[in-house]
Amino acid sequence: MMNKLAASELVLNPDGSVYHLNLLSEEIAGKIILVGDPDRVPKVSKYFDKIEIKKNKREFYTHTGTLRGERITVMSTGIGTENIDIVMNELDALVNIDLKEKEFKSEHKALQLFRLGTCGSVNPQVEIDNMLVTQNVVGLDGLLHFYQDYQFENHFSRNFLEKFPYERIKPMLYFSDWAEDISDYYKDAKYHGNTATFPGFYAPQGRQLRLKALDDQFLETLNDLGVTNFEMETSAIYGLSKLLGHKALTVNCVIANRRRGEFSADHHASEKNMIEWVLERIIK
Ligand code: R1P
Ligand code: URA
């Protein structure tokens, strides 16, 4: 007989929904689009045939409905890997824990997660207003250090870890095996690359307003190590998906080219383009 999860560990609202996402198990689909910005949720769900559920709490806005007859969910995660920790654990609880009994279900259900985000590029050749699919991700944020047992190795990670020069930052690397499995659908994205996930928008991304960043050459160094772009969520999405047994793919539109000092003149248009491009492929 399995021990039940304590009320302090699996925290539920009075209606039985998970604490932060404010959702019940039947309110999510198996295919879930994750976006950072809550305003991006209706920009995605407006393409659904119909929306059955609209729920929100804090920065987590969820719409569930159907697209070409198939059930689908879009949810905002807000900014950063701390939020992804909440989103991934609560989404997993919704499908793999019996919330009434507070026990693990005997059968595992794998979710399909698609992050549709925005990012900056560190490679001067990676041009703004195009889409980039993440193959490998370098987590410079530290979240996955708090979980046991996951570090993957491939050619990219070995080279990166061997040459990464900043001792006080401890990178963790992940990749999406799924990105390879479904690459046929996504192969016509302009770029497939290696994303770095940062724990902040300013110095962690090499931006210096009134404060100096760790190293003026930070972005150049990452570029030399094969990083193409950066944002603030994918390491946690790929790492926790791997640990929890879900499938994940990140598609970001590049809205800043930091090496050329360029920012998209109309990032809403690139975002729209990305949403339509992914929705065409997500359900055939
Ligand atoms: C920073 O402005 C935010 O934009 C990017 C970063 O990852 C971070 O969340 O993604 P979203 O546009 O999905 O929020
Ligand atoms: N998202 C980020 O995190 N940084 C950028 O420069 C652009 C989008």
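Whatever order the structure lists ligands and atoms in, that order sets their numbers, starting from 1. Residues take their numbers from the sequence shown, with the count starting at 1.
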For Ile255, what are the other residues in its hydrophobic cluster, where any two members join if their side-chain heavy atoms are less than 4.5 angstrom apart?
Phe263
Under 6.0 Å between ring centres: does that hold for Phe218 and Phe230?
no
For Phe60, does the six-membered ring have the charged nitrogen or CZ of Lys55 within the cation-pi criterion, i.e. under 6.0 angstrom from the centroid and within 45° of the normal?
no
Using heavy atoms and a strict 4.0 Å limit, residues surrounding ligand 2 turn out to be Thr118, Cys119, Gly120, Phe201, Gln205, Arg207, Phe230, Glu231, Met232, Ile255, Ala256
Verify the neighbour count for atom NE2 of His145: are there more than 12 heavy atoms of other residues, nucleotides or ligands below 6.0 Å?
yes
Please tell me whether Thr221 and Tyr166 have a donor and an acceptor in their side chains that are separated by less than 3.5 angstrom.
yes
Taking only Lys NZ, Arg NE, NH1 and NH2, and the carboxylate oxygens of Asp or Glu, determine whether Arg281 and Asp188 approach each other closer than 4.0 Å.
yes
If the condition is salt bridge (Lys or Arg N to Asp or Glu O under 4.0 Å), which residues does Arg158 pass it with, not counting sequence neighbours?
Glu153
Can you list, by chain and residue number, every protein residue with a non-hydrogen atom closer than 4.0 Å to ligand 1?
Gly36, Asp37, Arg40, Ile79, Arg115, Gly117, Thr118, Phe201, Glu231, Met232, Glu233
May I ask you to check whether Arg58 and Asn22 show a side-chain donor-acceptor distance below 3.5 Å?
no
Quick check, are the ring centers of Phe114 and Trp178 under 6.0 angstrom apart?
yes
